[in-house]
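Because only heavy atoms are used, hydrogens play no part in the values below, and waters and symmetry mates are left out as well, while side chains stay in.
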Amino acid sequence: MNPTDWINRRTAALAVDLALVTACLLFGAVCVSGQSFWLDEVRSGAKAVQPTVGAFVSELLRMGGSDVQMPLYMAALWVWARIFGSAEWTLRALNLVFLALALPVALSTRGVPRPVRRWWAILLTLSPLVTFYLDEARPYLLLLLGGTLVSSAMAAPPPDGWPERRDVHRLLLGAVVLSAASLTGAVFAAWPCLWLLLRALRRPPAKKEFRALAPALAAAALALVALAVYFLWTLLAGYRGTQSYSTNWRTAAFCVYEFLGASGLGPGRAALRTAPFAALRSFVIPLAGVATVWALLPCAAFRSHSLPLRRAVRHPLFACAAAGALLLLAGGTATHLRIVGRHLIPALPAFLLALAWGLDAIIRHHDRAGRLVAAALCALWLASSLSLRFAPRHAKDDVRAAAHLARDAAETGSTVWWGGDKWTFEYYPPPREEARDRIRPFPAPGEVLLGDPASRPDLAVLASKYDISDPDGSRRAILRALDLAPSSSLPGFDCYT
């Protein structure tokens with residue numbers, strides 16, 4: 001090939017890749033909203049607004065919970081807030097940075113055909129699971145970045161060869177990012193590291209190559225050991241996620257529901273929590289469409305008789321992703337932690353890479369029916385993502401409006417019982433100093449004198465996810481005994497007067 005032609009082709013390919021990344025980021029920006037934070041995001045925001053490093057660390061430890069096990073994300077969010085501010089949209093926009101880093105990694109994967117890489121980048125943006133968590137100030141896009149680094153590294157080498165230096169660096173960096181992003185990410189980081197170790201034992205690298213890799217291996221090993229010690233300390237100190245749930249067949253089914261991209265075409269999460277089967281019946285047609293496409297897609301892909309596709313799905317990358325997901329689901333079942341789709345996001349890039357191989361095989365096969373199925377999947381995912389962003393049924397819990405309602409009532413002299421998260425006013429503005437004692441937490445059943453008018457609040461605000469805010473029904477029983485009835489509601493909250 002003429003060198004000039006090669007340069008022109010390479011320049012054109014890079015221009016297409018750049019345009020694709022730009023389009024993906026613009027779509028991602030559309031998916032980031034300025035809606036109110038919900039419960040977990042409020043806790044992220046409360047840490048991000050701290051003015052100093054000392055105050056940030058103190059607040060992180062004081063609030064506790066699983067946030068302590070997300071050191072890299074919480075630190076990155078705090079630094080981001082120091083530079084760009086701490087409004088809801090601004091804090092969520094940090095996710096666009098993680099997406100902007102993940103896309104070039106996918107597009108530069110060695111050993112994967114360029115069309116597959118481009119499909120991979122499109123799917124990493126278009127997946128409803130990704131677009132939903134783009135709009136949360138939580139570490140899930142950082143986990144996506146770590147999973148993409150690992151998937152890119154493992155997809156590159158031939159089945160029985162030693163990875164190139166660049167791929168080893170990517171794998172090690174991905175493992176560190178996954179582990180530092182959250183404790184659940186560390187579960188997924190262990191398997192690629194084990195794969196690399198077994199490959200080194202089976203086919204050791206040359207001494208020259210090992211010496212070149214030694215600094216990166218040593219740095220990664222040091223970081224992973226330090227993180228292991230840190231996570232052990234957090235567990236011994238009692239920092240962990242809420243244990244009021246457990247992983248069961250319903251949560252496992254919800255993971256599949258989210259991974260297949262159906263969540264935007266179905267009911268809102270509040271309806272799924274209260275009456276899942278009744279809620280799903282109202283969306284039978286769009287969900288049946290998703291199920292049909294997913295039933296036809298594997299048939300269309302393997303009808304192409306694509307040898308690269310058949311080799312790809314047998315790659316150890318997918319075994320590592322599946323092992324991490326199964327271990328996390330088993331751990332959630334054993335420890336009474338609820339594992340849902342967001343916790344399995346480190347496995348999503350591998351799943352989307354397999355899907356990208358399948359879509360590329362369908363397109364190359366020139367099968368009109370197969371191409372129709374591929375186009376239907378992309379259209380359904382686009383509709384699902386836009387629905388998650390704009391449909392009212394998918395609106396977030398309006399903690400901001402509930403907090404403002406409680407604050408305004410307290411500042412006008414009313415007594416308020418607050419049944420939302422206790423850390424809400426660490427992020428949203430609290431009432432004036434003289435009115436702060438008028439916002440009180442819900443009392444325990446034995447602390448209320450039902451016949452005493454002084455015990456009756458003027459306003460009670462209770463989070464409507466009653467499996468969290470009132471699992472035993474005692475708070476609602478107190479409100480009924482005091483003749484307080486729901487007077488209004490906000491997304492995620494009921495107000496009693």
For this session: Verify, without hydrogens or angle tests, whether Ser384 (side chain) and Leu380 (backbone) share a donor-acceptor contact under 3.5 angstrom.
Result: no

Exercise. If you measure from the Lys or Arg side-chain nitrogens to the Asp or Glu carboxylate oxygens, is any gap between Arg138 and Glu136 under 4.0 Å?
Worked result: no

Exercise. Do Thr131 side-chain atoms and Cys31 backbone N/O form a donor-acceptor pair below 3.5 Å?
Worked result: no

Problem set entry | Donor-acceptor contact present, side-chain Asn95 to main-chain Leu134, <3.5 Å | yes

For this session: Using the side chain to side chain donor-acceptor pair (under 3.5 Å) rule, take Gln69 and Thr234 through it: C-alpha gap first, then chi angles, then the decisive distance, then the call.
Result: CA-CA 7 Å; Gln69 297 166 338; Thr234 63; 3.2 Å; yes

Problem set entry | Backbone N/O of Leu317 and side chain of Trp195: donor-acceptor pair under 3.5 Å | no

Exercise. To the nearest 0.5 Å, what is the distance between CG (Asp67) and CE (Met74)?
Worked result: 3.5 Å

Exercise. Ion pair present between Arg389 and Asp135, side-chain N to carboxylate O less than 4.0 angstrom?
Worked result: no

Problem set entry | Rounded distance (nearest 0.5 Å) linking atom OG of Ser182 with atom OH of Tyr140 | 8.0 Å

For this session: Take atom CH2 of Trp38 as the centre, draw a 6.0 Å sphere, and report whether it contains more than 12 heavy atoms from other residues, nucleotides or ligands.
Result: yes

For this session: Answer with yes or no whether the side chains of Arg438 and Thr415 bring together a donor and an acceptor at under 3.5 Å.
Result: no

Exercise. With under 30° as parallel and over 60° as perpendicular, where do the rings of Trp233 and Tyr239 fit, or are they tilted in between?
Worked result: tilted

Seminar exercise, completed: His343 and Leu328 have their tightest heavy-atom pair at O-CD2, 3.4 Å

Problem set entry | Lys47/Glu59 salt bridge by N-O under 4.0 Å criterion | no

Problem set entry | Check: Thr148 side chain, Leu144 main-chain N or O, donor-acceptor pair, under 3.5 Å | yes

Problem set entry | Exercise: do Thr52 and Arg82 side chains pair donor with acceptor under 3.5 Å | no

For this session: Nearest 0.5 Å please: distance from the CZ atom of Arg400 over to the CZ atom of Phe37.
Result: 9.5 Å

Exercise. Is the CD1 atom of Ile285 crowded by more than 12 outside heavy atoms at less than 6.0 Å?
Worked result: no

Exercise. What is the minimum heavy-atom distance between Pro51 and Trp78, and which atoms define it?
Worked result: O-CZ2, 4.1 Å

For this session: Drop me the distance from Leu327's CG to Thr184's OG1, to the nearest 0.5 angstrom.
Result: 11.5 Å

Problem set entry | Residue pair Ala180 / Leu227: nearest heavy atoms and the distance that separates them | N-CD1, 3.8 Å

Problem set entry | Donor-acceptor contact below 3.5 Å, side chain Thr22 vs main chain Leu18 | yes

For this session: Would you check if Cys495 and Leu459 make a side-chain contact, meaning some heavy-atom pair closer than 4.5 Å?
Result: yes

For this session: Please confirm whether the backbone N or O of Ala186 pairs with a side-chain atom of Ser179, one donor and one acceptor, at under 3.5 Å?
Result: no

Exercise. Which value, rounded to the nearest 0.5 Å, describes the distance between Asp167 atom CG and Leu149 atom CG?
Worked result: 11.0 Å

For this session: Applying side chain to side chain donor-acceptor pair (under 3.5 Å), run through Ser108 and Arg170 and close with a yes or a no.
Result: CA-CA 11 Å; Ser108 61; Arg170 283 191 178 189; 2.5 Å; yes

Problem set entry | Lys/Arg N to Asp/Glu carboxylate O, Arg436 vs Glu411, below 4.0 Å | no

Exercise. Taking the six-membered ring for Trp, are the ring centroids of Phe425 and Tyr428 within less than 6.0 Å of each other?
Worked result: no

For this session: Please report the closest heavy-atom contact between Gly324 and Phe188, naming both atoms and the distance.
Result: C-CE2, 3.5 Å

Exercise. Can the positive tip of Arg269 be found less than 6.0 Å from the middle of the six-membered ring of Phe132, inside 45° of the ring normal?
Worked result: yes

Exercise. When you measure from the side chain of Asp421 to the backbone N and O of Trp423, does any donor-acceptor pair fall under 3.5 Å?
Worked result: yes

Exercise. Is there a donor-acceptor contact under 3.5 Å from the side chain of Trp417 to the main chain of Leu479?
Worked result: no

For this session: Answer yes or no: is there a side-chain heavy-atom contact under 4.5 Å between Phe390 and Val30?
Result: yes

Exercise. Does the Glu426 side chain pair with the main chain of Ala46, one donor and one acceptor, at a distance under 3.5 Å?
Worked result: no

Exercise. Is the closest basic N to carboxylate O distance between Glu88 and Lys396 below 4.0 Å?
Worked result: no

